[in-house]
Each structure stands twice: as structure tokens, then as C-alpha cells.
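So the structure is just underneath, and the comments pick up after that.
From a predicted model like this one, the values you see are computed outputs, not experimental measurements.
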Amino acid sequence: MDRWVGKVAVVTGASSGIGAATAKALVRAGMIVVGLARRVERIEALRNELPANVPGQLHAIRCDVMREEDILAAYAQIERQFGGVDVQINSAGIAHHTVRILQQNNTQPLRDIVHTDLLGLTLCSREAYLSMQKRSVDGHIVHLNSITGHSIPPLNTLNIYPAVKHGVTALTETMRQELRFAGSKVKVTSISPGLTRTPINPNSDTYTGPILEPEDIADAILYALGTPPRVQIHELTIKPNIQNDSTMERWRGKVAIVTGASSGIGAATVKALASAGMITFGLARRVERVEALKDELPEDARERLHALRCDVTKEEDILAAFREVEQRCGGVDVLINNAGVARSSVGVLDAKNTQELRDVIDTNLVGLALCSREAYQSMKKRSVDGHIVHINSILGHKVIPMNTLNVYPATKYGVTALTETMRHELRMAGTKIKVTSISPGLVRTEIIGNSGVLNDMPILEPEDIANGILYVLGTPPRVQSAPSFVSYQKARHTAMDRWRGKVAIVTGASSGIGAVTVKALANAGMITFGLARRVERVDELRKDLPAEAADRLHSVRCDVTKEEDILAAFQLVEEKCGGVDVLINNAGQLKRAVSVLDAGNTQVIRDVIDTNVVGLALCSREAFQSMKRRSVDGHIVHINSILGHTVATTGKLNVYPASKFAVTALTETMRHELRLAGTKIKVTSISPGLVRTEMPPSTVFAEEPCLEPEDIADAVLYVLGTPPRVQIHELTIKPHSKMDRWTGRVAVVTGASSGIGAAIVKSLANAGMIVIGLARRVERVEELRQQLSEQAAQRMHAIRCDVTREEEIVAAFDQIEQQYGGVDVLINNAGIARGGINLFTPGNADPLRQVLDTNVMGVVLCSREAFQSMKRRSVDGHIVQVNSVVGHTVPAFASFNIYPASKFAVTALTESMRHELRIEGTRIKVTSISPGLVRTETVPSELKTGQTPILEPEDIADAVLYVLGTPPRVQVHELTIRPVGEMM
């Protein structure tokens, strides 16, 4: 923190809670701190809590961050008195827990939350940045985010709060991109705490469960500020654990094991831990290199460093190493899972890549799980509140568009899921053992080689990661840190019959997606109201419709940034037609020419947020009230964006991604509110990539593949046409290139003997495809013919294949090539779960390997063989992964073991394959379909017969038909399906 002594820090929301704790911590660290708050007298009172000889200074300025004039005045005063801002801590935030998104008369509290937590943060960041830029200061902007900015708990007391916090998550990334494009070295960090004892959390003063203290968050801020200039902490997530105590002192004389200790991060970590007083065992295959590290340590620390030969791909080596540590020192207190390999020269879809793929999975995922198991058993046996740290990667959260990563991101996605699964298991076991994932960006290690490219790229040093490990270990115990688809198309229109004569409202209906959607709904028989500011353009759309459909299309003038317009529009619909049954929230603004950090951009930011977030929330509220009043099981559809899930690396998107991240969160929050209200109203987010509309500049369309508005309208019809039990939660659509139709083409379906696989082979055979079902129980696939028409039965074939055995996969695809010419569509459906076994259960290696060999290696090997067949014949095929909702978020159950990790790996594999296929110049598509609970053999009978919401296998088969039936330019990247009312 020495570099910040005498520098100026601004802390918003400084009168209480985290803001107050942060202001005091920064003053103690020697900074000149300016606390902004509405209640300045409370900041003044904080001085009495500081020692008289404190090195810094504390000043207070009255400021309500909902008022731009207050913000501008405050920063002008700071510039006059102190010269400008060096550090900005955005702590101000409100929640209004008693307000629901869908309740009446909630506009003002919702606006207050958005304007405080999102707009206020943006404006303060802008003013701080302009101050830094003016003085050429390499400052630091820290956003106090929340874990609800990343994942939404199934509660109905959160309203729009998670949405704005998702917006903060996206803003952090958008600002980072803008700063990078501007050539600035200003850092921006998001710190996301769990439950903290602050006024924003009602009853936190009397809460006796795991909870963070404001000082824990202040410590995290000091850590982020104290990192070297080359290090940017992008996201720091802190969760409460149980108990109280702090710093590395508690670990002095305790035992740490570090895997992969011979070089890079592992070597830096063993040195740091030994220097901090821990008895440190470095596990490596090259033990002589660990021994050599002693020469780099002070004499007393050398005696604390020990080397053990261990290859973490071999269970016998792991067991022997932990046994030796137990014999010599009693057991392990801290485990650092650092061992990892990449094999960057081999693609996922390359021929003969099996051994390389197994090496990466066995090292990065299986080895990590087994070492964690042994460490836990040692801690549990001795009642030790230990700590397990996984060295993950940013690639465990986002797959970058390169073709040299192969299965590495998939394993790191798996580590992300394993961390969460372990945390649930540890909590349910009643232990106080912590588990932490540290996800660095590019680090100078052997794993990335000695490429000269690194000279031009920002890069971390291994010591930076070691420092991060010391930080997390040092936290107090309470802190956790088409023609072929004629039958399907008919089925869809039949499904839309339930909406015939019902009322739909579409916002932003004058052009683009909105215009096409109103026409599609009117054609489908719905009474459709198009809301727009330019109603004359909606009226003109009638000319494109048959007379009967034209009579069903009506226009209503409405600006969704004005609540009075929204209320008047819904009232008009109610008076004319009784109410609304379907709402399509399509209205949106981009304002591409203005950056987040540009001066004088307030109105632009307000326009985007008020249209994309507040307007959407208010329209949803009014639609819900109408449905509820009439006991209608309606459907609310949000037209989101892929930018609501990942922020593109361009400097001109401003607050648009933040608003769309907020829509993603709002979808989930509304789903919880609707479930807890006991309704069967559905809510769906549709997230398209680039669409040919008025919003992007026309020059973009000549340069990039893009979707047509009709593609999104088709998706709307699909989600509306699903059975009442099915809720499409998230449907992501990206543009793709031209491909042939599927009639008479060959589809391979793995795991075809029952459940989803059986439903898919029947659907594909009925749709005119030659279908080969792979299964161990081929007789059950053969029996499925009896459920098909004679013609379809002739198109269905069975081949015995266990996808955990490479020789059987290769033989099956060879037979398919010889008999049918090759494969055009692959449905990777085979999967197992192995319930009843925990990650920390002794002797669990074989079942864990079986899950990974089936769910990950089987997917990779079948995809590889399918790709090789498609490539050899220049076929624009399609690979579909039957994933799971637990491939995106880990539920708080202890019975899943490595299953979520395997499905997180599938999520990453889908993305890795998409990049490899694009870079190869192919037109092969790859799609992940992620269902919630489905009635299959793997589901316990009590869940299938009780009141638990559940999907049918045919629902997933319908989704497969939908993604295969999209136009050649469309790639459905991710399709998430949940049963209506599902809690998970």
C-alpha cells in the first residue's frame, strides 16, 4: 500500500457498513480519504474511531449518488481541495428487500436501486477516470459488487438488486475494455461479497449464521489496491465461512502440500509458504527441482521445505505421498492443487489425440479431485479446519477464441464446478474447512512455453499468484474467499394453438425483431399489440399480412422509458381485450457512439438503462398483474443479447452489456418470484448474436455473419409452442453459415437405449433421418422400432458401443462409415451420474473416473470421430451435446460429486469446439442443450412420482429438432430448458 500513501481515495456510501470500514482502513493505510454520503455527520463521527496518530486523513462531502448534480459538485470540490482522485471505491448501494419486481406501485424503489447501484456507480467511475486521465494517474476503481451479481439465489426478497449487480459485473468488464483501448493503466476491480453484516441486509445484526464483517471486505480492498502495477484483480469473490481468527499466523508450523511444485506457480508457492512458516511438501515428478528451490530460501525456511515424488495422474502415487506426510507430520492442513498440463499443440477434434486428452483430464481434474479427497480425509480425521485451494484459470470461466487450447478450458470449467460442489459437501458435512478457486490470467510459466509473443502481452508472474494464495489463506476463518421437418413444424403450429385468440404485447414493435415478431404472432392467430413510439410504422406492417392476420395487429403509442405511457398502454389493452397473455420485451437501445467513461454521457446512460432494464421490468410487472388478476398461465419473453452473458472486447458498447447482464439476472429473479407466488407463468430469455436491425451500424453486416430478425421470431414461436410443463429458460442464438437439410442423412445418438436418447432416436427417425443408436444394451434400441411407423423403423439401426472404451467408439464409427457412408449429425447423449458417492469418500476413484470417461472423454472422442467423418466428406454437419443445467450452476446438494464438474466441462468443450470449427473454416455447428430435471432412469423414483416439476424426454427431443431445424445462418449455441416451477 506504500504507493498510495498521501494519495486521494473517494469512497461512496461511506457513512456505514462496508463504506465506513473501507474509509477507516484506507486512512490507517495513509491515504487522504473523502467519504461521500447523504449522512455526512456519520462520516464525521468515524474520526472518533481512529487513533490520534493515524497517518491518513478523513474528509466528508454530502452527496446523493442518485443525483448527478451532487456527484459533479463533489468531484469538483475534491479537485479544488485535493487535486483529484487516485482511487475510487464504489460502495454506495441500496436493496429494498420488501419490494418485488412484479408487484404493483413499485416503480420508485426500483428506479432508486437502478440509479444508486448502477447509474450512480457509472457516473462516479466516469468522474474518477476523467480526473485520473487529466493528471496521467494510474489509478484504481473498485466496485463493491455482490455474489448475486454472478448467481441468483432462489429467494423472492431480492427484486431488481441481482439485476443491477449483474450489471455491475458487466460494467467492470466493459470499463476494463475501454481502459485497455484507451491505452490507460488505470485498474478496475469487482469485489463480490456474500452475506455481510451491514444495514442493507435486514436483521444482520442479530443473525447468528455464517456472515462476513465489513472489515473483511475492507481487507479485500486493501489486498486489491496493494497488488503490483502489473497485477489486476478482476474479480474477487468472498463468502462467509464459520468461526473467527485471521492472518497467516494461524498456519505457522502447520503442514501444506503443493502439487506441481517443481516450477512456475507451484515453485513460487512452496517458497512463499515455507517463508511464511509452514511445513511445506512440494509434490512433483521432478523432485530434484523442488530440492533445488531450497537454495533460494533463508536457512530456517529451507528446513521447512520437503520434496516428494508424485505423479498426480497415478492414484497410487497420491496415496503414497499423503501417507508419507501423515507418518512424518501427522497430516495435512492446507492443500494447494496447482499441478496442471495443457497440451496446446493438440486440438479437441484432432485425430489420434486420445492420450493427450486423457493426460490433461487426469492431471487437471481427476488428480485434483483425488488430492482434495485425501487432504479432506486427513483434516477430518484430526478435526482440522483446513483450506483447499485450487489453481484454476480465467479459462475456467470463459473460453477464448483460439484453437490451441483443446480440452484445457473444459478441465478448468470442471475445476470451477468442483470448487462449488466441494463447498456444498463440506458445508453439509458440518465442517469448517474452506475451499477456494484462484483463477489467474496469463502467467509466465512453462505451461505457456517461451513464445516471443509474450514480450508484447501483459503477463503475471508466478509470485503474483503465490501472493494471492497467501491472501486467501490469511483471511479470517469466517471468510470464504424445413422440408425434412414437416411433421415437427406441424407439431409446432399445433402447440401454438393454445395461444390462438389470446393477447400478445410486443414492445419496440416498429422495426427489426419487434416488427417481425408482431407479424409472426398475428399470423399464428394471436391478437397482437405492437407498442412503439413510431406507431405509424407498426400500422404499415399490416400491409405485409393476410387480411385476417392484419385485423389482429394493433398499434399503441408507448415510450417504455415513461411509466405513464406503459400504464396507459396496458390499461388500453385491458379495456379492449381483457388483458395480456404473452409479453415480448423487445424494446432496446444501444447508443454505440458513447463510452461508459466519456464526459457528459449521463443522458445516454439513463436512456439505455431506462429502456433496457427499467422499462422491461415495468412492462413485465404490468403483464404479470394482468395475468395474475385473470388466473392466466401466461408467458413473458425477454429479448436479451449474447452481450448479456459475455462482454465483447470492443470499446464502444457503453452500458449496453451491463443492461443486458441485468436482463439475464431479471429473468432468473422473476422465475423465482413466479415460482414462489405459486403461478405457472413462464419467463424466458432469448439471447441472439448480431442481428440485422437498425441498432448496429450497417457497415457491420458486410463484415460479420449475422442473424435475420425472422430467426429471432422463429425462436419466440418455438418457446411459446413448448408444452405447459416446459420452460425454456435461456436460448442463445448465434449466426452461422449455409448447410444442407437432413432428409436421408445419417445421425448418431449415443446413450440411445433409454430416456432422452431413446426419445431422440425416435424423433430423428420420424423426421426422415437414418439414425444409428449407440448403446451397451442394443436390444433395447432394437425394441424402439416397435414404437415407430414401418417406414421410420427401417431408418433406425443399433450398434453396441460403450463410450468409455475408445476401441468401441472407433469401431462403431468405422462400421457407420462402411455401411452408411459417414455421420452428418451427432447427438452426444450418453451420460452417468453415480449418486450416493461424495467427492471426499475414500476409495471413490473408479466411479469418479467412470463419470469423467463417459461424460467428458466419451463426448470428446465421439465428437472427434464425427468431425473427422464430416471433414473427410466436406459435410456441414451438426454436433449436439446433451448437457445439463448443472453444467452452468452447481446446486447446493451434496449428492452430485463430480457430475456437475463433468457437465461444466461439456459447457467449455462446446465453446472450444466452436472455436476450433470456426478457425478450421468449417460450417459445422455445435450446440449445447441443458435441461433441468428429466424423467429418466437415473432420476430417483420419488422425484418422478411426487410433486417435483419434471421434464419428459420428448421435451429434449423437441429441442434437438428445433436446433437442427434452424436456418443455415443460425447456430443455437446454448439452449437451457427447465420444467415450469423448478427450484434448482
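Looking at Ser687 and His645, their side chains do bring a donor and an acceptor atom within 3.5 Å of each other. Between the side chains of Ser928 and Asn883, at least one donor N or O sits under 3.5 Å from an acceptor N or O.
When all heavy atoms of His140 and Ala224 are compared, the pair lying nearest together is CE1-O, 3.5 Å.
The structure places CD1 of Ile113 at 14.0 Å from CG of Leu119, a figure rounded to the nearest 0.5 Å. Distance check, rounded to the nearest 0.5 Å: NE2 of His397 to NZ of Lys412 gives 10.0 Å.
Contacts of Thr602 classified as side-chain contact (heavy atoms from CB on, under 4.5 Å), with partners at least two apart in sequence or in another chain: Glu68, Leu123, Arg126, Arg606. By the salt bridge (Lys or Arg N to Asp or Glu O under 4.0 Å) test, Glu911 is found to be paired with Arg914, residues two or more places apart in sequence or in another chain being considered. For Thr416, the side-chain hydrogen bond (donor to acceptor under 3.5 Å, both in side chains) partners are Asn392, not counting sequence neighbours. Asp219 meets the side-chain hydrogen bond (donor to acceptor under 3.5 Å, both in side chains) test with no other residue; sequence neighbours excluded. For His234, the side-chain hydrogen bond (donor to acceptor under 3.5 Å, both in side chains) partners two or more places apart in sequence, or in a different chain, are Glu173.
A salt bridge does not link Lys187 to Asp138: none of the charged nitrogens lies less than 4.0 Å from a carboxylate oxygen.
The closest side-chain heavy-atom distance from Met670 to His638 is below 4.5 Å.
Each salt bridge (Lys or Arg N to Asp or Glu O under 4.0 Å) pair with one or both residues in residues 111-121, not counting sequence neighbours, appears once here: Arg111-Asp610.
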